[in-house]
Amino acid sequence: MTWNEWIPLIIVCSSLVPGIIIFFLHEEAHRTRTILNLAGALLKLVLVGLVYLGFRTGEVYKFQFQIMVDLEFMLRVDALALLFAGLSSALWLVTTIYAIGYFEGSSNRRRFFGFFSVCVTASTGIALSGNLVTFFVFYEFLTLATYPLVVHSGTLKAVEAGRNYLFYTIGGGTVLFIGVVGLTVLAGPIDFSQGAQLSGLLENSAFELKLLFYVMLVGLAVKAAIFPLHGWLPIAMVAPAPVSALLHAVAVVKAGAFGIIRLVYDVYGINLAVELNVLWPLAILGAFTIIYGSVRAIFQDDLKKRLAFSTVSQLSYIALGAAVPGMISSTGAIVHLVHQGLMKITLFFCAGNIAETTGLHKVSELNGIGRRLPLTMGAFTVGALGMIGLPPIAGFVSKWYLSVGALDAGQPWIVAVLLGSSALNAIYFLPIIHAAWFKQPPAEGWRDLRPKRRFEAPWMLLFPPLVTALFSITSGLFAAMSWSPLSLARVIVERVYFLQ
Amino acid sequence: MSLPAGLLDGLLALLLVILAVRALIAPTLYQCAVAFISFGLTLSLAWARLAAPDVALAEAAIGAGLLGVLLINSLRDFSRGGDDASAIFGKDLPTALFSRTVISCGTLAFAAVLGMAMFHMPEGGGLTALTEASLPHSGVEHPVTAVLLNYRSYDTWLEIGVLVVAMLAIFCAGGFEGFRRPEQGPDSDPVIESLARLLAPLMVMVAGYLLWLGKAYPGGAFQAGVVLAAAGIILQLAGWQIIENLSTWAWKWGLGIGFFFFLALAVSFMPLGLGFFEYPEAWAGPLILVVEVLATLSIGLTLTCFFVYFNGMGASESRRRTR
Amino acid sequence: MEWGRAKAGAVRGRTMETHFIYMAVSSALFSVGMAGVFLCRHFFKKIIATKIVGAGVFLLLVSIAERDADTFADPVPHAMVITGIVVAVSAAAFALALARRIRIETSRASFEDEEAAE
Amino acid sequence: MFWNDWITVLLMMASGFFFLAGTVGLLRFPDLFSRLHALTKADNLGLGLLVLGLIFQIDSLLDGLKLGLIWAFALLAGSTGCYAIGRFFLHSDQKVRESVRPKEGGGE
Amino acid sequence: MSALWQADNLPVWLVVWPTFGAIVLFLLPARWRGMTGVSFALANGVLALVTVFFVMEVGVLRQEIGGWAPPLGIALALDGLSALFILMTAVVGGVVSVYAKIYFTQVVVDSARSSLFWPLWLFLWAGLHGLYLANDLFNLYVVIEVIGIAAVALAVLSGKTRAMIAGLRYLIAAVAGSLAYLMGVALLYGSTGVLDIDLMAERLEPGLTTRVAIALMLGGLLVKTAVFPLHFWLPPAHSSAEPPVSAILSALVLKGTFFVILRLWTELFGVSLTFMAGQMVGVLGACAVVWGSFQALRQERLKLVVAHSSVAQIGYLFLLFPLITVPATAVAGGFEWAPLAWSGAVYQVLAHGFAKAAFFLAIGVLVMATGNDHKASMLNMVGRLPMTTFAIGLAGVSLIGLPPSGGFLAKWMLLSAIISSGQWWWVPFVLVGSLMTAGYVFMILRLAFAPSQHEAELKSVPRGLQVCALLLAVGAILIAFPAEWVIDLLEGTSTFGEVVRAGAPVNSGEVGP
């Protein structure tokens with residue numbers, strides 16, 4: 001085993017090991033825990049960075065462990081893996097900082113940070129999985145690791161939400177399980193090889209291939225919150241802010257979206273998928289979910305709930321992009337994976353800040369909040385405008401690619417969907433921004449709700465949204481640079497379409 | 001088949017089935033127990049008719065004898081508040097004509113299928129010839145003893161183990177290990193005591209005889225052990241309390257010695273390159289005899305202990321109740 | 001007085017069908033016993049029923065031994081039956097001890113006997 | 001059939017009669033003591049005649065001795081058992097006494 | 001002395017050592033039994049390791065007892081499957097022994113009663129070894145009875161009335177089951193004149209007698225394995241015993257009779273089985289999965305949840321039989337799923353063994369801390385007994401079959417085998433079973449995270465007990481990793497493997513629907 005073979009495993013373990021150690025630490029060992037968390041997060045980020053540099057020079061990073069025939073544990077770095085791993089590790093670091101600030105002084109922190117680390121492990125594992133089985137293993141692992149986070153507060157509502165969450169995700173996992181087993185039985189162990197293994201089966205087992213595609217799609221759609229399997233997401237809102245941020249931006253929903261991308265591009269391969277003609281249901285469902293989520297979001301008064309429905313809507317951009325064949329729209333789908341993550345995590349951080357600092361949860365109570373929390377609301381505004389798709393923020397880039405891709409593929413109706421969605425986004429985000437900056441604060445003054453000396457949220461809570469907001473802008477602004485998510489997405493797509 | 005013999009077999013067969021059914025549907029537990037004991041004794045006759053005297057001895061002594069004693073002994077707890085088997089909890093067996101018919105038909109159908117299977121059984125040939133051919137090397141002359149203590153001694157050893165396990169299990173059921181010494185001595189009776197005094201030594205002698213006989217004739221460790229147990233039970237009934245007065249060390253070793261020694265013997269020739277339970281041919285006879293003696297002791301003691309412990313379970317309760 | 005041998009010789013000459021009669025009895029006892037195990041409610045009868053099942057099984061074994069007799073009846077089934085009897089009696093004694101304990105402590109005499117328990 | 005066979009048959013039949021009589025008595029007699037009486041008396045006699053009948057069929061003296069011993073032991077056990085039952089009955093209370101009464105047939 | 005220790009005698013030592021332990025423990029006074037018992041258990045572990053390495057090196061080993069070759073004598077057979085079961089017994093048994101030592105010395109006051117645990121447990125262990133090695137039908141009957149009586153005795157060890165009643169029910173079911181088995185053996189002996197499994201397999205011919213015999217033997221063994229609808233005795237017996245005993249009963253004793261069924265099915269019944277026979281056993285298994293899980297969901301007491309869950313998990317094992325009993329025509333294209341199905345079932349045995357033992361031990365800790373095993377006692381446990389909650393969580397993960405765990409591998413292999421065999425109608429049962437398992441596992445875990453209204457002070461529980469439970473739970477996860485090795489052990493060395501690898505269909509005759 002060379003160094004290159006171990007690196008993927010080390011990346012995965014860089015959060016698992018601290019997680020396990022944290023379980024054995026004393027509850028009061030805050031300092032050690034903080035150091036462990038940050039060290040793990042930094043190590044992971046640095047390693048991913050190193051791998052990125054190595055990958056560009058053509059290094060191969062691959063870890064294999066044969067469990068049994070047809071069942072191999074494989075971690076491998078490819079461009080898409082790198083993109084998602086980079087996203088998780090970067091956002092983990094940020095969220096860790098945020099969580100440390102958020103949970104200052106609350107109880108059960110050992111448990112939280114332990115599972116938090118395990119959760120990121122699962123997420124990185126999903127990113128680096130080299131074959132379908134490994135992906136499935138981490139996909140289920142993620143379900144387990146996030147459950148304690150969802151129910152962390154221990155309130156009845158949280159426990160209820162946790163049950164709902166499990167109901168959906170375990171069900172989805174089980175369905176996915178049949179798909180994975182079925183495909184393995186049909187074609188042997190499935191590596192992510194752009195459908196090379198499956199295309200030979202097209203003649204004899206087209207029906208089975210179709211069936212298994214839909215089965216797996218259903219399994220993945222649960223986590224990707226595609227209508228009608230999105231029910232768990234808005235309810236899981238009761239989780240603490242860092243968890244919501246993580247669930248919505250990186251870990252769970254992205255695992256689903258990432259899975260769909262892997263399924264379409266790497267398991268079946270875009271050509272086979274087009275030949276089997278299996279993408280149109282995904283496109284239609286995605287389009288419907290985009291509109292549906294936006295419409296539902298409009299009517300939510302609870303800020304986090306509104307954001308949650310917004311997530312439902314935004315995630316389907318990825319599914320929709322993946323469902324439209326063509327390089328441009330694929331690029332849009334993949335890059336939106338990153339962009340949506342950056343923007344949505346910003347929004348959730350901000351929502352958490354508002355709730356923590358002022359105790360406000362409702363959209364209708366946010367009049368004039370911009371004066372109380374100017375920096376937070378600044379970040380929020382960036383995120384919201386990005387969601388709507390205003391240039392030069394990241395969201396614009398994704399939407400642009402998706403629309404052009406749709407036109408390119410001769411499906412103009414998608415452009416209409418995207419435009420309509422943008423309009424709806426504007427309808428539910430702009431009033432918040434307007435109220436926050438331009439409306440008068442309530443007469444009695446929210447300042448008295450929680451009198452504090454400082455004007456803003458504590459820096460540990462403030463710093464993360466500012467950073468992610470900055471990233472949202474830069475990755476939109478410098479999308480053409482060679483290190484931007486867009487460039488990486490292009491690399492991935494080129495591989496998908498040309499390197500078969 | 002000659003007519004009288006066939007008649008006898010048919011009569012026995014009929015009696016067996018009737019007694020079996022009777023033992024299950026009798027209205028009082030006492031009648032159940034009596035029917036069952038009669039069943040056991042009739043079964044012994046059947047064994048004898050089937051040229052299985054060893055089995056007949058074992059069945060009469062253990063199956064009907066010992067178990068009968070235990071059944072009767074526990075009757076006094078079960079028949080408290082009336083001996084009616086069905087009085088305590090409503091109906092025992094379904095009484096409706098319909099369900100009775102269904103049950104009878106089902107049982108009959110099951111028996112018919114099973115009987116057909118037996119009727120169509122191919123002749124496997126059995127192991128008679130092989131046993132006979134190997135008999136000279138077994139160290140004993142009686143084929144059943146040869147099977148029990150040489151060819152299949154592993155099973156026999158395990159079976160003695162089952163007795164020890166059962167003793168432990170009965171301890172578990174009673175909730176304590178060992179034997180309680182009764183607070184007051186039992187009411188002894190001159191007539192019964194003198195009978196016990198007379199019978200016990202005779203039975204020990206018979207046990208020894210059966211044991212010795214086992215080498216060449218029907219008989220052997222089990223039968224001898226059971227006779228020994230019968231002696232023990234009679235003495236117990238006469239109020240002797242032998243087991244209760246034994247030290248823990250003594251009864252434990254007594255219970256375990258047969259099993260333990262059998263095991264020791266089984267492995268003791270392995271250093272010489274022989275297998276598990278393999279004896280040098282010349283020594284086989286004497287060794288088997290030693291094993292049998294110790295096994296007899298253990299079996300006799302174990303079965304007596306079954307009874308004593310069992311008896312004590314009820315007695316301690318009746319004491320508790322009277323208090 | 002060579003019991004085993006002398007008798008077995010007689011067996012050979014005397015009957016061909018004796019074992020069939022006892023096989024029939026065996027199947028009857030097995031079936032009746034099994035019915036009893038499942039249908040009888042009283043512990044006492046259930047235990048007796050298991051013994052009757054056992055008798056059915058042993059009867060078949062000994063009938064087979066008689067069928068396969070040569071100079072003597074096949075000793076292997078005999079040995080099996082003797083072993084089986086001891087095992088069955090051990091189990092029955094244990095069952096009886098349990099039943100008695102239950103009876104003493106709860107005055108229950110069957111599994112269905114719920115109300116008597118309290 | 002030799003003469004000893006005839007004697008055996010005769011004695012066996014007599015023994016059968018006594019067994020039958022004992023059994024009938026057991027079933028029909030009114031109270032415990034008379035039943036015990038019928039049982040032990042008739043059975044002992046029945047068994048005795050049976051053994052006597054078999055004596056005429058044996059080859060060796062040893063077997064005869066064994067048969068005699070069987071009878072003696074059965075006699076001993078029977079009478080002791082009878083004694084034990086009687087003693088239990090005498091020492092027991094009214095309820096038990098009632099319970100052994102026949103349900104039908106025998107009167108007081 | 002070399003002959004004494006030569007490797008050929010390994011099967012003998014496997015039987016002799018625990019038996020010797022049992023009798024020594026019986027003779028020892030109560031207060032010395034705990035420590036001695038643990039030492040014997042650990043020595044058993046060493047013996048099991050030696051056995052496994054030996055089997056890997058040498059392969060199948062036969063040993064004739066008493067110097068008499070079958071059919072007159074009895075032979076022992078040690079193959080990969082036996083070795084694996086022996087190893088599982090050693091690991092689970094070893095941990096449970098340590099747990100029992102702590103439990104019975106610190107928790108149960110009545111030492112005269114609880115010290116009976118040790119000789120009985122060692123006898124049970126010896127019986128299990130005898131069972132794994134047996135190659136003779138009547139010998140199997142005797143060891144099954146040893147196991148049965150010892151198991152019931154252990155089940156009633158707690159002395160509670162509920163346990164007594166459950167124990168009696170268990171005992172009567174077990175005795176009836178083993179007598180039915182013996183009836184089958186008698187019929188087969190009459191037909192073939194031998195008792196040795198290998199010899200009988202050569203002589204056995206299909207026919208009415210053989211079918212009835214197989215039905216009786218299977219019926220009897222199914223009762224003892226608690227397969228739906230013959231499982232009625234299991235939940236009360238397993239739920240009312242002391243925790244270490246429950247662990248032994250569910251993890252090891254049930255698997256013993258499954259082992260016998262597996263062995264007889266593949267080695268003896270062979271030609272006499274039809275496609276329908278396999279399907280019928282499969283249907284029982286499938287019903288058990290659904291019914292057991294459904295019942296588990298409805299229970300209010302944790303021990304009952306777990307006990308009913310055993311019924312369901314055992315059901316999965318019986319999905320193996322329809323997969324390896326297929327008409328010859330279906331096999332023409334290849335029978336490659338048989339090894340998969342087969343190792344899947346064995347993995348299910350291992351996974352369930354570890355997970356269920358861990359579950360019972362953890363609940364034992366819980367009961368000790370809270371005084372009862374009502375579901376509500378789980379409330380807020382995650383903060384108060386984190387290690388035990390974690391153990392329950394890990395064990396639950398394996399039971400559900402979530403990755404990465406032994407249960408996942410088992411389900412993976414079973415499902416793969418089901419799909420490749422084309423018997424797709426089993427798929428829903430596997431999945432519904434998984435979902436329902438998730439239902440009751442998380443029903444417990446959910447409570448662990450919920451706040452409790454009035455929190456009673458927990459009694460302190462020895463840390464060793466919690467560690468034991470956690471060890472087994474971690475084991476249930478970790479056994480996923482040496483799968484390659486386990487399957488090698490199974491296929492490379494066992495007689496079962498030969499059957500399976502030869503590609504020979506178990507059935508050569510009739511063709512099903």
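The chains referred to below are lettered A, B, ... by the order of the sequence lines, with proteins before strands, and numbering in each begins at 1. In this text, all values refer to a predicted model and were calculated from it rather than measured experimentally.
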Can you tell me how far the [atom1] atom of [X] sits from the [atom2] atom of [Y], to the nearest 0.5 Å?
| X | Y | atom1 | atom2 | value |
| --- | --- | --- | --- | --- |
| C:Ser26 | B:Met118 | OG | CE | 3.0 Å |
| B:Thr28 | C:Phe44 | OG1 | CZ | 9.5 Å |
| B:Arg49 | C:Glu66 | CZ | CD | 8.5 Å |
| B:Asp54 | C:Ile85 | CG | CD1 | 10.5 Å |
| C:Ile82 | B:Gln223 | CD1 | CD | 5.0 Å |
| C:Lys51 | B:Leu67 | NZ | CG | 5.5 Å |

* Do any N or O atoms from the side chain of B:Thr128 and from the backbone of C:Asp68 form a donor-acceptor pair under 3.5 angstrom? -> yes
* **Under 3.5 Å: donor-acceptor pair, side chain of C:Arg100, backbone of B:Phe310** => yes
Tell me which of these, [options], has more heavy-atom pairs under 4.5 Å with chain C than the rest.
| options | value |
| --- | --- |
| B:Leu163, B:Val226, B:Ile299, B:Ile160 | B:Leu163 |
| B:Val162, B:Leu148, B:Val55 | B:Val55 |
| B:Leu127, B:Ile62, B:Thr302 | B:Leu127 |
| B:Leu12, B:Asn73, B:Leu19, B:Val113 | B:Asn73 |

Of all heavy-atom pairs between [X] and [Y], which one has the smallest distance, and what is that distance?
| X | Y | answer |
| --- | --- | --- |
| B:Trp47 | C:Ala55 | CH2-O, 4.3 Å |
| B:Val17 | C:Leu29 | CA-CD2, 4.2 Å |
| B:Ala111 | C:Ala28 | CB-CA, 4.2 Å |
| B:Ala166 | C:Ser90 | CB-CB, 3.5 Å |
| C:Arg101 | B:Cys172 | NH1-O, 4.2 Å |
| B:Cys32 | C:Lys45 | SG-CE, 3.4 Å |

Chain B heavy atoms under 4.5 Å from [X]: which part of the residue, side chain, backbone, both or neither?
| X | result |
| --- | --- |
| C:Leu98 | both |
| C:Ala49 | both |
| C:Leu60 | side chain |
| C:Ala99 | both |

Kindly indicate whether the side chain of [X], heavy atoms from C-beta on, has any atom under 4.5 Å from the side chain of [Y].
| X | Y | result |
| --- | --- | --- |
| C:His78 | B:Val147 | no |
| C:Val81 | B:Glu59 | no |
| C:Phe94 | B:Val165 | no |
| C:Ile64 | B:Met121 | yes |
| B:Leu50 | C:Leu59 | yes |

Using heavy-atom distances under 4.5 Å, tell me whether [X] contacts chain C through its side chain, its backbone, both, or neither.
| X | value |
| --- | --- |
| B:Phe39 | side chain |
| B:Leu43 | side chain |
| B:Leu66 | side chain |
| B:Phe222 | side chain |

* To do: Any chance you could lay out the side-chain contact (heavy atoms from CB on, under 4.5 Å) test for B:Leu71 and C:Ile48, step after step, and finish with the verdict?
  => CA-CA 9 Å; B:Leu71 282 174; C:Ile48 287 179; 4.2 Å; yes
* **Closest-packed option against chain B by number of heavy-atom pairs under 4.5 Å, given C:Ile102, C:Ile47, C:Val25** => C:Val25
* Taking every heavy-atom pair that is under 4.5 Å apart, which of C:Val89, C:Thr83, C:Val32 has the most such pairs with chain B? -> C:Thr83
* Using 30° and 60° as the class limits, which term best fits the ring planes of C:Phe20 and B:Phe119: parallel, tilted or perpendicular? -> tilted
